[in-house]
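In what follows, a single structure is set out as structure tokens and then discussed.
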Amino acid sequence: MSAQTEKYVDHFWEMVDMVINAILFVLIGLEILILHVKTDYIYASFIAILLVLAARYLSLLVPIRLLAKRLNSVPHTLTIMTWGGLRGGISIALALQMTPSMNRKLFLTVTYGVVIFSIIVQGLSIGPLARRLVTDQIATE
């Protein structure tokens, strides 16, 4: 494939990705309008957030420890990767596919809770967290 053709193919797939993401987020927005949130579901969202963070931490712990010297990783890689693992559209798209008999409202509410926490809290704080950890590391050296 020539360089020009490769460029056009890349642009095509980027455009397809943007269109599909736009459609997904329109559907997500429409679903939020009809979602009825119960207090129990909010509590379940908080528990799910903690479980997602713990699962991400544990799933990264062994590979990072094993490969730290080989890949010459920086300190606090585990913390930054755990906090920086953002959730988004795919999780919600999967929850939207559930039927009412599968307790759809509970899973949608919990999924929205995790995604909103991920985007707002984690997304807005990952930069300051990384800067703080790097600054602390430099100060201790």
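Computed from a prediction, not measured in an experiment: that's the story for all the values here.
By the 4.5 Å heavy-atom criterion applied to side chains, Trp13 and Val16 are counted as neighbours. Residues Met81 and Ile64 have side chains in contact (heavy-atom distance under 4.5 Å, counting atoms from C-beta outward). The shortest distance between side-chain heavy atoms of Phe107 and Met102 does not fall below 4.5 Å. A heavy-atom distance below 4.5 Å is found between the side chains of Trp83 and Leu53.
Atoms CE and CE, on Met15 and Met18 in that order, are 5.0 Å from each other to the nearest 0.5 Å. A distance of 7.0 Å separates OG1 in Thr111 from CD1 in Ile92, rounded to the nearest 0.5 Å. For the atom pair CD1 (Ile47) and CD1 (Ile42), the distance works out to 12.5 Å, reported to the nearest 0.5 Å. Separating the CG atom in Leu78 from the CZ atom in Arg65 is a distance of 5.5 Å, to the nearest 0.5 Å. In this structure, the separation between OG1 on Thr79 and OH on Tyr57 is 7.0 Å, given to the nearest 0.5 Å. Interatomic distance, CZ of Arg132 versus OG of Ser125, reported as 11.0 Å (0.5 Å rounding).
Residue Leu106 comes nearest to Ala44 through the heavy atom pair CD1-CB, 4.2 Å, listed as atom of the first residue, atom of the second, then distance. Counting all heavy atoms, side chain and backbone alike, Ser91 lies closest to Val115 at CB-CG2, 4.4 Å. When every heavy atom of Thr82 is checked against every heavy atom of Arg56, the shortest pair comes out as O-NH1, 2.6 Å. Contact between Leu96 and Arg104 at its shortest, heavy atoms only, is O-NH2, 3.1 Å. Minimum heavy-atom separation, Tyr41 to Val110: O-CG2, 4.0 Å. Contact detail for Ala48 and Val114: the closest heavy-atom pair is CB-CG2, 3.8 Å.
Cluster annotation: Leu60 and Val62 are assigned to distinct hydrophobic clusters (Ile/Leu/Val/Met/Phe/Trp/Tyr, side-chain heavy-atom contacts under 4.5 Å, transitive). Linking Ile, Leu, Val, Met, Phe, Trp and Tyr whenever their side-chain heavy atoms come within less than 4.5 Å puts Ile20 and Val9 in one cluster.
For Met98, the CE atom is densely surrounded, since the number of other residues' heavy atoms within 6.0 Å is greater than 12. Other residues, nucleotides and ligands contribute only 12 or fewer heavy atoms inside 6.0 Å of the CD1 atom of Ile90.
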